[in-house]
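We're numbering straight along the sequence, starting at 1.
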Amino acid sequence: MIVYNPKDWFKTISYLHNSKIFKRLLPYLIISIFVSWGLAYLELEYLKLSDRSWIKNITTVHNLLGFVLSLLLVFRTNTAYDRWWEARKQWGALTNTSRTLAIKMNAFLDPLDKVNRSFYRKSITLFAETLYTYLRSDYTKFMLDEIEHPELNALDEKKHGPNQVAALIYKKTNLLYKEGKLSGDQFILINKELTALTEVTGACERIKNTPIPLGYSAFIKTFIVLYTATLPIGLVFSMGYFVIAAVPFIFYVLATLEMIGESIEDPFGSDSDDLPIEKISANIKKHTQEILLA
């Protein structure tokens, strides 16, 4: 994710034209230019249609459809942004949950209990890192420089990574309770944070694994193509060959809105508009180690 100054218009505008969206649309813009030129030449030079031709009135249809298309695009971008913001809230909740769990375990564990402190310091960090990797790819990799606890060796990369780590944390906490190192009240106090780990995972999975319905996305793309491809037919009577510039510009605006929606509807990717979950995970690691450092 790029942090920018929204008041700086020049840099913001230059970013849009230098982004992947413009590069992806460039071939379609070139096609739009040739289609507009071909239709303008056909009507003005070959068929030599006059201003009295009924074809001129086709712009009325485009005016009505343009309003419908704008509503569809607004709904599309709002839906995609809602997914992006929901993902940000979930990772914010994970950050708070990790800090709170670390703070409580730091208070509950004996200051000289380096083994258990080390376990929670690594396992809380491991959960965030595992969830980050799980969302960025379809499999889980565990990123620990050193593994001091034999229970972490039981992790299976073919299984659901975040669930494994959450289960290990809960199992370890329950063991501390049975050993008398945690009281019943303390165990109840940290149960909320332990449960919140899987709730965040489930919410992130819901966002990642439930894309915008294909039929809806396909309809908007088809609508944009047909709308802009037929636009020169009526505009050529009032604009002449200027449609060669006007129609590609209209296509660029409409297609850009659709592609912005595509870009942010999956907030866990690696694009510049996606969430910086790698950095959030690194911050969780830093803060957890600061709190539980024995």
Side-chain angles (χ1 to χ4, degrees), residues 1-3 85-137 140-155 157 161-177 179-204 267-268 270 274-294:
M1 185 175 71
I2 297 177
V3 179
W85 183 240
E86 175 64 19
R88 181 63 188 91
K89 289 194 296 183
Q90 292 301 326
W91 273 83
L94 177 61
T95 301
N96 294 335
T97 298
S98 301
R99 290 173 179 171
T100 304
L101 180 57
I103 290 172
K104 289 183 178 181
M105 294 311 301
N106 179 59
F108 296 159
L109 293 175
D110 191 297
L112 300 178
D113 191 353
K114 295 184 178 181
V115 174
N116 289 321
R117 284 177 171 273
S118 177
F119 172 83
Y120 283 98
R121 186 169 66 248
K122 288 185 174 295
S123 60
I124 295 173
T125 299
L126 179 61
F127 182 86
E129 292 176 338
T130 304
L131 181 59
Y132 148 69
T133 310
Y134 177 75
L135 295 173
R136 282 281 173 92
S137 59
T140 304
K141 293 181 179 178
F142 301 102
M143 298 173 288
L144 279 181
D145 295 332
E146 296 179 0
I147 300 178
E148 301 177 358
H149 304 278
E151 51 265 52
L152 295 181
N153 292 325
L155 297 176
E157 292 188 4
N163 281 350
Q164 291 187 80
V165 179
L168 285 174
I169 296 175
Y170 210 103
K171 184 178 180 180
K172 182 67 173 180
T173 305
N174 185 59
L175 180 61
L176 293 178
Y177 166 68
E179 292 176 348
K181 295 182 179 180
L182 289 179
S183 66
D185 292 337
Q186 290 174 335
F187 186 68
I188 293 174
L189 284 174
I190 62 176
N191 183 67
K192 178 182 178 181
E193 283 71 32
L194 298 176
T195 305
L197 295 178
T198 55
E199 291 177 349
V200 170
T201 302
C204 291
F268 304 120
S270 56
D274 294 328
L275 292 176
I277 56 177
E278 183 177 7
K279 291 184 178 180
I280 297 176
S281 177
N283 287 334
I284 292 175
K285 179 178 181 179
K286 176 184 177 181
H287 300 155
T288 302
Q289 290 181 344
E290 289 175 352
I291 295 170
L292 284 169
L293 186 61

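- Looking at heavy atoms from C-beta onward, L94 lies in side-chain contact with L197 at the 4.5 angstrom threshold.
- A102 approaches L292 most closely through the heavy-atom pair O-CD2, 3.6 Å.
- A donor-acceptor pair under 3.5 Å is absent between the side-chain atoms of S281 and the main chain of I277, judged by distance alone.
- Note that the CD atom of E199 and the NZ atom of K192 stand 9.5 Å from one another [nearest 0.5 Å].
- Note on ring orientation: taking the six-membered ring where Trp is involved, the planes of F187 and Y177 are parallel (angle under 30°, cut-offs 30° and 60°).
- With rounding to the nearest 0.5 Å, the separation of OG1 in T95 from CD1 in I284 is 4.0 Å.
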ask   = Given the rule in the side chain to side chain contact (heavy atoms under 4.5 Å, CB included) test, do W91 and Y132 qualify, once you have shown the distances and angles that lead to the verdict?
value = CA-CA 10 Å; W91 273 83; Y132 148 69; 3.9 Å; yes
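- Annotation for D113 and N116: closest pair OD2-ND2, 2.6 Å, computed over non-hydrogen atoms.
- Heavy atoms from other residues, nucleotides or ligands lying under 6.0 Å from CD of E278 number 12 at most.
- When every heavy atom of P267 is checked against every heavy atom of D274, the shortest pair comes out as O-CB, 3.5 Å.
- Between atom NZ of residue K122 and atom CD of residue Q289 there is a gap of 7.0 Å, rounded to the nearest 0.5 Å.
- Taking NZ of K114 as the start and CZ of R121 as the end, the distance is 10.0 Å to the nearest 0.5 Å.
- Closest of all the heavy-atom pairs between C204 and F268 is O-CE1, 3.5 Å.
- Distance check, rounded to the nearest 0.5 Å: NZ of K104 to CD of E193 gives 3.5 Å.
- Of the possible polar contacts, one joining the T198 side chain to the T195 backbone as a donor-acceptor pair under 3.5 Å is found.
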inquiry  = Apply side chain to side chain contact (heavy atoms under 4.5 Å, CB included) to residues F108 and L189 and explain how you reach the verdict.
reply    = CA-CA 10 Å; F108 296 159; L189 284 174; 4.0 Å; yes
inquiry  = I'd like to know whether S98 forms a side chain to side chain contact (heavy atoms under 4.5 Å, CB included) with F127, so could you lay out the CA-CA distance, the side-chain angles of the two residues, the decisive distance to 0.1 Å, and finally the verdict.
reply    = CA-CA 9 Å; S98 301; F127 182 86; 5.8 Å; no
Residues D110, K181; criterion side chain to side chain contact (heavy atoms under 4.5 Å, CB included); working and verdict = CA-CA 8 Å; D110 191 297; K181 295 182 179 180; over 6 Å; no
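- When the options T125, N106, I169, I291 are evaluated for a side chain to side chain contact (heavy atoms under 4.5 Å, CB included) with Y120, the one that passes is I169.
- Between R117 and L109, the shortest heavy-atom contact is NH2-O, 3.4 Å.
- Taking CG from L194 and CG from N174, the interatomic distance works out to 10.0 Å, rounded to the nearest 0.5 Å.
- The shortest heavy-atom contact between M105 and I190 is SD-CD1, 3.8 Å.
- In this structure, K286 has no salt bridge (charged side-chain N to carboxylate O under 4.0 Å, His left out) partners at least two apart in sequence or on a different chain.
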